[in-house]
Amino acid sequence: MADVAYHEPETLERALALLGATEGARCIAGGQTLVAMLNARLVEPAALVSLARIPGLGRIAGEADGTLRIGATATHAVVAESAAIARDFPLIAETARLIAHPPIRAFGTIGGAVAHGDPASDYPAALVASDAVIEIASLEGRRNVPAAAFFVDYLTTALDPGEIVSAVIVPHPPAGARGHFLKFSRVDGDYATLSVAAMLAVRNGTCAHIAVALGAAGPVPVRDREAERALIGKPPTREAIAALAEALAAKSDPVDDVRGSSAYRKGLIPGLVARALAAIAN
Ligand SMILES: Cc1cc2nc3c(=O)[nH]c(=O)nc-3n(C[C@H](O)[C@H](O)[C@H](O)COP(=O)(O)OP(=O)(O)OC[C@H]3O[C@@H](n4cnc5c(N)ncnc54)[C@H](O)[C@@H]3O)c2cc1C
């Protein structure tokens, strides 16, 4: 590999300028995935632009309207350990807690995790179930893309060359809604064989809000809004939840790999969806 220029800008604007200045330049955040890809020569960037020294880029803030803004370089460990996130956004906190193991969580960032767009990773399904928005910075300004539109295909996102994920914005859960992230993996700390991110609000015995997204079940998180709408105003009975899980399974297209065959992953969907929702309801 030829010599690669390495930059450590101290502002986001400078990082964007450096990315734009060299074709094939890439940003590096926690390096947990990118360094392994460099070692394996899967990518050969012309330059590396580190986001690690940009003050405030990892800031976590609760906004006046109840929204949570997680800066791109916030590590999984910081998100997992935030008492405020655990209290108001338990789905996000639980997800961060289940990513890999402590050394990875200490360096891996939310911006890197979403920008990489790996369907086996944990944040994408949690962000889709939370109706989160990805804030993207470029030399032209900022744009916001709903998480459901951000994840486009396997390792492919809505990011254009030269753009940087600057934050993840999570709306406050709807009134009475609680979330849960259920990860099924071969061993503790592994990527998911299948994951379920669920949000549920039950009022007067009927569903007031429901959102369920599957991870590792296809090239992007799998969610079925029509099947969710069919449950609104109805009791979350075993049969109703089975119907939602069946709709999700029909939309899923998991890979065959060392973590499980496609058929095995599909077979996990009904039980895991039921368990995730039961954990919230009980
Ligand atoms: C052994 C191991 C186990 C893991 N297990 C899990 C797991 O169980 N669950 C899980 O969810 N994840 C897992 N991961 C991935 C981990 O969560 C990383 O945090 C994540 O892959 C990338 O974050 P990073 O900050 O290290 O990004 P980097 O490795 O620095 O970058 C990854 C990619 O994103 C780009 N990038 C980084 N930041 C930005 C940004 N702000 N804007 C635009 N592009 C950006 C880089 O150019 C690169 O292409 C695992 C990783 C390893 C090495």
Side-chain angles (χ1 to χ4, degrees), residues 4 6-9 12 15-16 18-20 22 24-40 42-54 56-59 70-80 92 94-128 134-138 142-143 145 150-151 154-168 181-195 197 213 215-216 221 258-259:
V4 176
Y6 178 75
H7 305 279
E8 284 192 339
L12 187 55
L16 289 164
L18 286 163
L19 268 187
T22 312
R26 268 182 116 104
C27 51
I28 178 161
Q32 296 305 292
T33 297
L34 187 53
V35 171
M37 289 166 77
L38 290 170
N39 285 341
L42 292 173
V43 289
E44 298 205 1
L48 286 172
V49 179
S50 171
L51 305 179
R53 304 254 180 266
I54 301 177
L57 191 59
R59 187 166 167 262
I70 308 175
T73 53
T75 63
H76 311 324
V78 167
V79 173
I92 302 299
E94 283 174 13
T95 305
R97 249 179 253 140
L98 290 172
I99 294 174
H101 39 81
I104 306 284
R105 292 199 290 274
F107 292 99
T109 66
I110 193 165
V114 300
H116 187 50
D118 182 349
S121 67
D122 297 315
Y123 269 130
L127 297 177
V128 167
I134 313 300
E135 183 189 88
I136 299 172
S138 71
R142 300 276 196 280
R143 66 187 178 108
V145 178
F150 180 82
F151 301 105
Y154 181 71
L155 301 184
T156 307
T157 68
L159 277 176
D160 285 330
E163 290 189 319
I164 293 177
V165 172
S166 45
V168 170
F181 187 76
L182 184 61
K183 177 171 175 177
F184 183 88
S185 48
R186 296 174 303 172
V187 290
D188 205 28
D190 194 10
Y191 280 95
T193 299
L194 193 90
S195 64
V258 289
R259 296 189 177 87

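Bear in mind the structure is a predicted one, so any value in this text is a computation, not a measurement. We count ligands from 1, going down the list as the structure has it; atoms in each ligand are counted the same way.
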- [ ] May I ask you to check if ligand 1 and Y123 share an N or O to N or O distance below 3.5 Å?
- [x] no

Open item on the list: Only heavy atoms of S121, strictly under 4.0 Å: list the atoms of ligand 1 that pass.
Closed with: 10 (C), 11 (O)

Open item on the list: Using a 4.0 Å heavy-atom cut-off, which part of V35 comes near ligand 1: side chain, backbone, both, or neither?
Closed with: neither

TODO: Name the closest protein heavy atom to atom 20 (C) of ligand 1, giving the residue it belongs to and the distance to 0.1 Å.
DONE: T33 OG1, 3.4 Å

TODO: For G108, take its heavy atoms, then give the atoms of ligand 1 lying under 4.0 Å from any of them.
DONE: 19 (O), 25 (O), 26 (O)

TODO: Look at atom 25 (O) of ligand 1 and say which protein heavy atom is nearest, naming residue and atom and giving the distance to 0.1 Å.
DONE: T109 OG1, 2.6 Å

TODO: Give the contacting part of K183 toward ligand 1: side chain, backbone, both or neither, where contact means a heavy-atom distance below 4.0 Å.
DONE: side chain

Open item on the list: For D160, I'd like to know if atom CG has over 12 heavy atoms of other residues, nucleotides or ligands within 6.0 Å.
Closed with: yes

Task: Heteroatom distance test (E163, ligand 1): nitrogen or oxygen, under 3.5 angstrom - done: no

Open item on the list: Just by distance, no angles: are the side chains of S50 and E8 close enough, under 3.5 Å, to form a donor-acceptor pair?
Closed with: no

Open item on the list: Evaluate C27 for polar contact with ligand 1, using N/O atom pairs at a separation under 3.5 Å.
Closed with: yes

Task: Any side-chain heavy-atom pair of V79 and I92 under 4.5 Å - done: yes

Task: Protein contact of atom 53 (C) of ligand 1 - nearest heavy atom, named by residue and atom, plus distance - done: Q32 O, 3.3 Å

Task: Pair listing, salt bridge (Lys or Arg N to Asp or Glu O under 4.0 Å) test, anchored in residues 96-120, at least two apart - done: none

TODO: For atom 51 (C) of ligand 1, find the nearest protein heavy atom and state the residue, atom name and distance (0.1 Å precision).
DONE: Y191 OH, 3.4 Å

- [ ] Could you list the atoms of ligand 1 found under 4.0 angstrom from a heavy atom of R26?
- [x] 47 (O), 49 (O)

Task: Whether H76 lies under 4.0 Å from ligand 1, heavy atom - done: yes

TODO: For atom 31 (O) of ligand 1, find the nearest protein heavy atom and state the residue, atom name and distance (0.1 Å precision).
DONE: L34 CB, 3.9 Å

- [ ] Walk me through it: do L12 and L16 pass the test side-chain contact (heavy atoms from CB on, under 4.5 Å)?
- [x] CA-CA 6 Å; L12 187 55; L16 289 164; 4.3 Å; yes

Task: Residue D190 vicinity, atoms of ligand 1 by number, heavy atom under 4.0 Å - done: 8 (O)

Task: Gap separating the CD1 atom of I70 from the CG atom of L127, nearest 0.5 angstrom - done: 7.5 Å

- [ ] Please examine the side chains of V49 and I164, heavy atoms only from C-beta on, and report whether any two atoms are closer than 4.5 Å.
- [x] no

TODO: Answer whether the closest heavy-atom distance between the side chains of H116 and M37 falls below 4.5 Å.
DONE: yes

Task: Name of the residue among V165, L159, T109, T157 meeting side chain to side chain contact (heavy atoms under 4.5 Å, CB included) with V114 - done: V165

Open item on the list: Using a 4.0 Å cutoff against the non-hydrogen atoms of L159, which atoms of ligand 1 qualify?
Closed with: 43 (C)

Task: pair N39-V35: side-chain heavy atoms closer than 4.5 Å - done: yes

TODO: Could you tell me whether R143 atom CZ has more than 12 heavy atoms of other residues or ligands within 6.0 Å of it?
DONE: yes

Open item on the list: For atom 4 (C) of ligand 1, which of the options G58, G71, A100, A167 provides the nearest non-hydrogen atom?
Closed with: A100

TODO: Could you check which of L12, L51, I99 puts a non-hydrogen atom nearest to atom 10 (C) of ligand 1?
DONE: I99

- [ ] Kindly compute the distance separating CD1 (I136) from OG (S166), expressed to the nearest 0.5 Å.
- [x] 8.0 Å

Open item on the list: For a 4.5 angstrom cut-off between non-hydrogen side-chain atoms, does P45 reach L38?
Closed with: yes

- [ ] Using a cut-off of 6.0 Å, state whether more than 12 heavy atoms not belonging to R59 lie near its atom CZ.
- [x] no

Task: Which segment of M37 sits under 4.0 Å of ligand 1 when only heavy atoms are counted - done: neither

Task: Enumerated ligand 1 atoms positioned under 4.0 Å from heavy atoms of I28 - done: 30 (O)

Task: Interfacing atoms of ligand 1 (cut-off 4.0 Å, heavy-atom, I164) - done: 41 (N), 42 (N), 43 (C)

TODO: Answer yes or no: does an N/O atom from I104 fall short of 3.5 Å to an N/O atom of ligand 1?
DONE: no

Open item on the list: Which residue and atom name correspond to the protein heavy atom nearest atom 37 (C) of ligand 1, and how close is it?
Closed with: G112 CA, 3.4 Å

Open item on the list: What protein heavy atom lies closest to atom 41 (N) of ligand 1? Include the residue and the distance to one decimal.
Closed with: V165 O, 3.0 Å

Open item on the list: I need the nearest protein heavy-atom contact for atom 9 (N) of ligand 1: residue, atom name and distance, please.
Closed with: D122 OD2, 2.8 Å

Open item on the list: F107 versus ligand 1: do any nitrogen or oxygen atoms come within less than 3.5 Å of each other?
Closed with: no

TODO: With atom 30 (O) of ligand 1 as the reference point, say which of A113, A29, S166 has the nearest heavy atom.
DONE: A29

TODO: Examine G30 against ligand 1 and note whether any of their N/O atoms are separated by less than 3.5 Å.
DONE: yes

Task: Under 3.5 Å: donor-acceptor pair, side chain of Q32, backbone of I104 - done: no

Task: K183 (side chain) donor-acceptor with D190 (main chain) under 3.5 angstrom - done: yes

